[in-house]
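Proteins get letters first, then strands, A, B, ... in listed order; numbering begins at 1 in each. We use all heavy atoms of the structure for the numbers below, so side chains are in, but hydrogens, waters and symmetry mates are not.
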Number of protein chains: 2
Amino acid sequence: MEDGEELRFDRGAETPERIKAQLSRLVGLTAAQTARASGDALRSVGAHKDHFVVLAALAEFGPASQSALAGRARVYKSDLVAVLNELADGGWIRRTPDPSDKRRNVITITDTGVRRLAELDQVLAGVNAHITAPLTREERDQLFALLNRVNSHLAGPPS
Amino acid sequence: MEDGEELRFDRGAETPERIKAQLSRLVGLTAAQTARASGDALRSVGAHKDHFVVLAALAEFGPASQSALAGRARVYKSDLVAVLNELADGGWIRRTPDPSDKRRNVITITDTGVRRLAELDQVLAGVNAHITAPLTREERDQLFALLNRVNSHLAGPPS
DNA sequence: AGCCAACGTTAGTCCAACTAACAATTCGAG
DNA sequence: CTCGAATTGTTAGTTGGACTAACGTTGGCT
């Protein structure tokens, strides 16, 4: 048996039934692979997962304080600091103090930032296409819908 | 705005469109929550994710060497060591040297191990029920099927 | 005999998710 | 108007899962 093969690969017949029934395990496996795929793709253009979400939030909702941004992009404010530093280094955002509230910074996406977002968007579109390759359009939408429902259900009532 | 609320909570309207379209992000979010749910539940009975998969693999395929077990349970052999130590401490498995190959250990599930597995199975069934609460039976099956297809697609051809 | 592969084990890396604390500033209640 | 509480950005650190490297021991092969 040349069993020394990679882990994480599917070995259908040899997977215990009880494990197959565990949604958390299945979601976890899939998440690990999609995270790797998108992570690798973004890394290859010198980006990071959070770069995309932050730029997207800025492009869609306009300038914002860091804490508002953290909320929208679902990035912890503690992690956001480094992300914004990197984005500022690339010239993709500007971080200016808010004159009306000296605690705040106002984060603004730049023109090159908009272009950067488009670039990352395209990279991720490719990844998404690859990930969802075996699914039809309808199935893809179904998957999104189902995950969204599970997700917001888990997010909502902690009970 | 009492926005200081927890992160990871759903804020539908304030989520940028582009982010909603990212499957990897959605799967990742869901995975984080399901992992937390099942992790917490297992921890509350003094168990660990890998305890379950290892016991399940033993129950379903019988005694095995650690490396065979690592393959079936999809646990890295390096991590398996600690798991087996814990399982042995609980009296749920036995680790005996294989007389026919002194490199190997033969891992056998004990009677109490079988009962432990049943216990964990029940705990996880509860978690699964909670996770999939908003879905009908058909939807739940659909979700499984879709994730399985995506998953094995990603696992298979690295191309 | 000698060499390479497999086994169990130890140790450690990498990354995402998450928490705690803190100085500066602003707000709000008395 | 003042003083305590809350918010903002920031630094630091923790936890946990996924994964890799290397090593001594043993086995199979020729």
### Message
Check this one for me: any side-chain N or O of Ser67(A) less than 4.0 Å away from OP1 or OP2 of dG9(D)?
### Response
yes

Atom NE2 of His51(B) and atom C1' of dG17(D) are separated, to the nearest Å, by 14 Å

In terms of heavy-atom contacts, Ala57(A) and Arg72(A) come closest through CB-CB, 4.3 Å

(Q) Below the 4.0 Å mark, does dC19(D) have OP1 or OP2 next to a side-chain nitrogen or oxygen of Tyr76(B)? (A) yes

task: Have a look at Ser65(B) and say if it touches a base, only the backbone sugar-phosphate, or nothing, with a 4.0 Å heavy-atom cut-off.
output: sugar-phosphate

To the nearest 0.5 Å, atom CD1 of Ile131(B) lies from atom OG1 of Thr34(B) at 5.0 Å

Here the distance between atom P of dC7(C) and atom CD1 of Ile107(B), to the nearest Å, is 13 Å

Salt bridge (Lys or Arg N to Asp or Glu O under 4.0 Å) pairs touching residues 107-134 of chain B, sequence neighbours excluded, are Arg18(A)-Asp121(B), Arg116(B)-Glu119(B)

Practice item. Flag yes if Tyr76(B) and Val81(B) sit in one hydrophobic cluster, no otherwise; membership is Ile, Leu, Val, Met, Phe, Trp, Tyr, and two members link when side-chain heavy atoms are under 4.5 Å apart. Key: no

Atom CG of Leu80(A) and atom C1' of dT10(D) are separated, to the nearest Å, by 11 Å

Those residues at least two apart in sequence (or on a different chain) that pass side chain to side chain contact (heavy atoms under 4.5 Å, CB included) with Ser67(A) are Ser65(A)

Taken to the nearest whole Å, NZ/Lys49(A) to C1'/dC15(C) is 10 Å

Applied to residues 47-59 of chain B, the side-chain hydrogen bond (donor to acceptor under 3.5 Å, both in side chains) test, sequence neighbours excluded, yields His51(B)-Glu86(B)

Is the side chain of Asn148(B) donor-acceptor paired with the backbone N or O of Phe144(B) at a distance under 3.5 Å, no angle test? yes

Here the salt bridge (Lys or Arg N to Asp or Glu O under 4.0 Å) pairs for residues 89-100 of chain A, sequence neighbours left out, are none

Separation of dC14(C) atom P from Asp79(B) atom CG, nearest Å, is 16 Å

Under a 4.0 Å heavy-atom cutoff, the residues of residues 38-48 of chain A touching DNA chain C are His48(A)

Ranking Ser78(A) and Gly28(A) by the position along DNA chain D of their nearest nucleotide, the one closer to 5' is Ser78(A)

Overall bend of the helix from dA1(C)-dT30(D) to dG30(C)-dC1(D) (five pairs an end, 10° steps) is 10°

Separation of dT14(D) atom C1' from Arg36(B) atom CZ, nearest Å, is 14 Å

Sorted by chain and number, sequence neighbours left out, side chain to side chain contact (heavy atoms under 4.5 Å, CB included) with Ala41(B) holds for Val123(B), Val127(B)

Can Val27(B) be reached from Leu135(A) by stepping across I, L, V, M, F, W or Y side chains whose heavy atoms are under 4.5 Å apart? yes

note: Leu29(B), atom CG; dA16(C), atom P; distance rounded to Å ~ 14 Å

The complete set of ring-ring contact (aromatic ring centres under 6.0 Å, His included) pairs with one or both residues in residues 102-125 of chain A, sequence neighbours excluded, reads none

Residues in residues 81-94 of chain B with a heavy atom under 4.0 Å of DNA chain D, by number, are none

Taking for Arg95(B) and for Asp50(A) the nucleotide of DNA chain C with the nearest heavy atom, the one nearer the 5' end belongs to Arg95(B)

So, with a heavy-atom separation below 4.0 Å from DNA chain C, the residues of residues 96-105 of chain B are Arg103(B), Arg104(B), Asn105(B)

Atom CZ of Arg25(A) and atom P of dG17(D) are separated, to the nearest Å, by 11 Å

**Q.** Asp79(B) (side chain) donor-acceptor with Val75(B) (main chain) under 3.5 angstrom
**A.** no

Can you give the donor-acceptor pairs under 3.5 Å from side chains of residues 103-110 of chain B to other protein atoms, not counting sequence neighbours?
from      : atom 1 : to        : atom 2 : distance (Å)
Arg103(B) : NE     : Asp101(B) : OD1    : 3.2
Arg103(B) : NH2    : Asp101(B) : OD2    : 3.0
Arg104(B) : NH1    : Asp101(B) : OD2    : 3.0
Asn105(B) : ND2    : Gln66(B)  : OE1    : 3.0
Thr110(B) : OG1    : Gly91(B)  : O      : 2.6
Thr110(B) : OG1    : Trp92(B)  : O      : 3.1
Thr110(B) : OG1    : Thr112(B) : OG1    : 3.0
Thr110(B) : OG1    : Gly113(B) : N      : 3.0

Taken in chain and number order and not counting sequence neighbours, the residues that satisfy salt bridge (Lys or Arg N to Asp or Glu O under 4.0 Å) with Glu139(B) are Arg149(A)

